[in-house]
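As the structure is a computational prediction, the values presented were derived from the model and not from experiment. Below, each value reflects all heavy atoms present in this structure, side chains not excepted, and no hydrogens, waters or symmetry copies. First the proteins, then the strands, lettered A, B, ... as listed; each starts at 1.
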Protein chains: 2
Amino acid sequence: MQNPPPKIKDVAHVAGVSTATVSRALTQPDRLSEATRQKVFDAIETTGYRVNQAARNLRTRRAGAVLVLVPNLGNPFFSAILSSMNDVLSANGYSVLVFDSQQPGASEQAVADCFLNGSVDGMITLDGHMTSTTAKALRNANMMRNVVFCCEWSDQWPLPSIRSNNGLGARLAVDHLVAQGHRKIAHVTGPASNILAEMRKSAFLQRCATHKLDVPADWVVQGDFSLMAGAQAADRILALSPRPTGVFCASDAMALSFIARCRQRGLRVPDDISVIGFDDIEMAAYAEPGLTTIRQDRAGLGRLAAQELLARLRGEQKTEGAYVIYAPVALIERGTTAAPQNATQPGANGRGGPEPATGFPEPVDKPA
Amino acid sequence: MQNPPPKIKDVAHVAGVSTATVSRALTQPDRLSEATRQKVFDAIETTGYRVNQAARNLRTRRAGAVLVLVPNLGNPFFSAILSSMNDVLSANGYSVLVFDSQQPGASEQAVADCFLNGSVDGMITLDGHMTSTTAKALRNANMMRNVVFCCEWSDQWPLPSIRSNNGLGARLAVDHLVAQGHRKIAHVTGPASNILAEMRKSAFLQRCATHKLDVPADWVVQGDFSLMAGAQAADRILALSPRPTGVFCASDAMALSFIARCRQRGLRVPDDISVIGFDDIEMAAYAEPGLTTIRQDRAGLGRLAAQELLARLRGEQKTEGAYVIYAPVALIERGTTAAPQNATQPGANGRGGPEPATGFPEPVDKPA
DNA sequence: CCACGCCATGTAATCGATTACATTATTGAT
DNA sequence: ATCAATAATGTAATCGATTACATGGCGTGG
């Protein structure tokens with residue numbers, strides 16, 4: 001078995017047929033008679049033959065691989081998504097090539113090259129920013145149709161986008177806090193210019209408006225989804241006066257570090273301040289108290305995106321132009337949200353005496 | 001640009017040279033005269049030529065890709081490692097193909113096929129269990145030399161292994177607890193038959209013996225690195241009598257959920273029980289209190305493994321057979337470990353009165 | 001019995017690069 | 001000035017599959 005691996009010619013020889021027949025046995029078995037097909041399969045078995053992918057790829061002009069572009073591979077939020085993508089793609093005979101879009105090096109050109117030199121058939125991008133280098137490469141390689149957005153997206157390109165219903169998620173978060181009696185709600189956003197961050201923020205603001213809540217500008221603090229951002233946001237928000245009683249964080253990572261920082265500064269969650277996150281990462285369920293959050297179906301996002309790409313690779317281009325497929329979101333109520341103290345027992349805030357007058361009316365305006 | 005992409009022949013024509021010359025300009029520029037080289041590069045520029053990887057791979061019998069085999073892609077512990085591997089591999093012209101070794105489907109055969117059909121040049125495996133299918137494929141493809149273990153490993157194969165010094169890590173953990181006065185230390189292990197779990201556990205037991213600590217069998221509870229396992233372990237350990245005052249968890253995930261569960265049951269960490277983890281995942285620094293843990297250099301592990309594989313792919317097979325490269329570990333002292341209450345102020349345990357007599361001698365035996 | 005078409009299979013061109021070998025130009029030593 | 005060695009480049013074979021086209025056998029309708 002140390003000798004050169006068997007080629008299609010060897011199989012043909014053993015089976016007593018032509019190379020064309022062997023190739024057909026591999027790619028279109030129905031076109032062969034039962035007898036020859038069996039002969040060929042036997043020969044494949046005895047020789048231990050495996051098709052040479054490079055040769056096949058060269059001839060068929062396919063790569064059998066797709067690229068998954070991840071912004072910051074180190075972010076664990078993506079691992080579940082990557083995992084489910086991998087499941088469905090590899091089950092369909094595609095290899096998964098992973099790239100990190102935020103890698104300092106020449107990664108931008110590397111992505112472009114993947115398409116230009118034909119080493120991938122398509123791409124799922126978790127990064128909503130598509131660089132012009134990439135876009136040009138896609139055009140040149142005529143591969144624009146083989147791209148789908150997942151999680152993040154850009155309206156600039158006529159591509160399908162698999163995403164969570166971020167607006168609904170934000171509304172659920174606000175509604176939940178309001179239902180518990182909160183009227184002073186702050187928001188910690190994702191990174192500036194990130195489409196997810198924008199969606200969640202604008203839906204947050206709109207929903208607050210619907211509930212007739214006033215949201216001063218400095219109650220919306222800029223974050224970036226990261227643990228560090230959550231801690232920093234806590235410092236800013238706890239310094240506010242009047243202090244918000246509820247906080248909607250655009251990611252669970254920020255919510256968890258926000259809570260940790262609150263504790264560190266002597267506040268109790270949810271007693272002194274309620275916090276709700278977004279994502280429902282695994283840790284959310286195992287924190288103490290459990291993190292109330294908006295669940296994203298990460299496995300579903302990955303699966304749907306992979307299936308969508310597969311459909312396109314098969315040529316079933318369902319719809320022209322951009323379209324959206326939503327993955328469900330859901331409120332997961334755990335222990336970090338509760339009625340604000342001054343709502344249930346006004347002035348009972350053990351620390352620092354009664355809340356200063358806020359100047360905001362506090363009508364009871366619970367939505368359905 | 002919608003027409004068939006330029007081939008080497010087109011470039012040759014534009015540059016007024018032969019295809020061989022163009023090819024040489026690409027692969028061994030030094031062998032050309034300055035003038036022709038420039039002509040060729042100009043022609044490449046004007047035509048927008050990119051080499052076709054499939055054709056190159058077919059001819060050179062290389063794939064330009066390596067496979068990274070991850071046990072459970074969904075586990076965020078691996079993302080930082082994957083990220084740094086990706087950095088160095090893609091900087092060296094290799095694509096990274098990701099597989100999940102615990103995926104239910106025919107992934108085992110899929111990995112084997114990757115080698116047999118020549119679609120990868122080598123592999124880094126984070127999974128210490130190499131299946132016989134995989135091993136046979138590696139032998140047949142004569143690729144056994146192009147494999148390196150990272151994090152986990154198996155002594156069964158003569159391959160390099162990049163790993164943390166798990167034994168040292170466990171000793172640091174024990175020493176730290178002992179230095180704070182703990183004499184009753186429990187351990188939550190990784191999954192059965194996992195080599196990391198075994199290393200940490202045996203080093204833990206040995207070190208405890210060195211310190212003359214008694215470790216009853218039921219103080220070593222079986223976990224599996226996961227959040228759920230940590231919570232379950234907490235239930236078991238808190239039910240112990242006498243109750244351990246310090247716990248060494250074989251992963252940060254388990255440590256964090258262990259702590260959360262302790263809290264949930266009314267115990268304070270570190271006041272009532274000290275907990276030390278292993279890994280130093282990002283969350284460890286942002287928990288409250290910060291998780292004392294043994295840091296693994298995840299980025300370093302990935303980088304070293306990638307570099308080692310690259311060296312092998314270049315044919316610089318430094319050493320015959322198996323050898324080990326250690327990535328450093330370090331004790332990161334944060335807030336979840338402290339002197340046990342009954343050590344500093346015996347009997348002062350606010351909850352449930354004085355600790356019952358343990359039956360264990362408590363000599364003062366602090367190591368250096 | 002013939003002609004037509006279909007089915008199973010074979011022959012050979014092809015995908016697009018690399019590279020062994022051949023050829024020509026150049027250099028340097030004697 | 002001559003010849004060997006070396007450098008620069010070209011010609012064509014090659015990597016290992018797929019597939020267009022060709023071929024021969026067989027069934028069927030007239």
Within residues 17-27 of chain A, find the residues that approach DNA chain C with a heavy atom at under 4.0 Å, and present them sorted by residue number. A:V17, A:S18, A:T19, A:A20, A:T21, A:R24
Could you state the interatomic distance from [atom1] ([X]) to [atom2] ([Y]), rounded to the nearest 0.5 Å?
| X | Y | atom1 | atom2 | value |
| --- | --- | --- | --- | --- |
| B:S79 | A:F78 | OG | CZ | 10.5 Å |
| A:Y323 | A:I162 | OH | CD1 | 7.0 Å |
| B:T134 | B:W157 | OG1 | CH2 | 9.0 Å |
| A:H13 | A:D10 | NE2 | CG | 9.0 Å |

Minimum heavy-atom separation for A:M143 and A:V120, please, with both atom names. CE-O, 3.7 Å
If you compare all heavy atoms of A:V147 against all heavy atoms of A:P160, which two are closest, and at what distance to 0.1 Å?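 Looking at all heavy atoms of both residues, the closest pair is O-CD, 3.6 Å.
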Tell me if a side-chain donor or acceptor on [X] pairs with a main-chain N or O of [Y] at a distance below 3.5 Å.
| X | Y | value |
| --- | --- | --- |
| B:R145 | B:R312 | no |
| A:D121 | A:A63 | yes |
| B:T27 | B:S23 | yes |
| A:D127 | A:V70 | no |
| B:N140 | B:A137 | no |
| A:D100 | A:L73 | yes |
| A:N92 | A:Y94 | no |
| A:S119 | A:C114 | yes |

So which pairs with a foot in residues 32-42 of chain B pass side-chain hydrogen bond (donor to acceptor under 3.5 Å, both in side chains), sequence neighbours left out? B:S33-B:T36, B:E34-B:R37, B:Q38-B:D42
For B:T60 and B:G16, take the nucleotide of DNA chain D holding the closest heavy atom to each; which residue's nucleotide lies nearer the 5' end?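 Its nucleotide being nearer the 5' end, the pick is B:G16.
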How bent is the helix from C:dC1-D:dG30 to C:dT30-D:dA1, measuring the angle between the end axes built from five pairs each, rounded to 10°?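 The angle, to the nearest 10 degrees, is 40°.
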What residues in residues 6-14 of chain A put a non-hydrogen atom under 4.0 Å from any atom of DNA chain D?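 Correct list: A:K7, A:I8.
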What are the bounds, 5' to 3', of the part of DNA chain D that sits under 4.0 Å from heavy atoms of chain B?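 In short, chain B contacts DNA chain D from D:dA8 to D:dG16.
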Which part of the nucleic acid does A:L32 contact within heavy-atom distance under 4.0 Å: base, sugar-phosphate only, or nothing? sugar-phosphate
Base, sugar-phosphate alone, or nothing: which one does B:R50 contact when heavy atoms must sit under 4.0 Å apart?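 Sugar-phosphate only.
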Hey, what are the protein-to-nucleotides 23-25 of chain C N/O distances that come in under 3.5 Å?
none

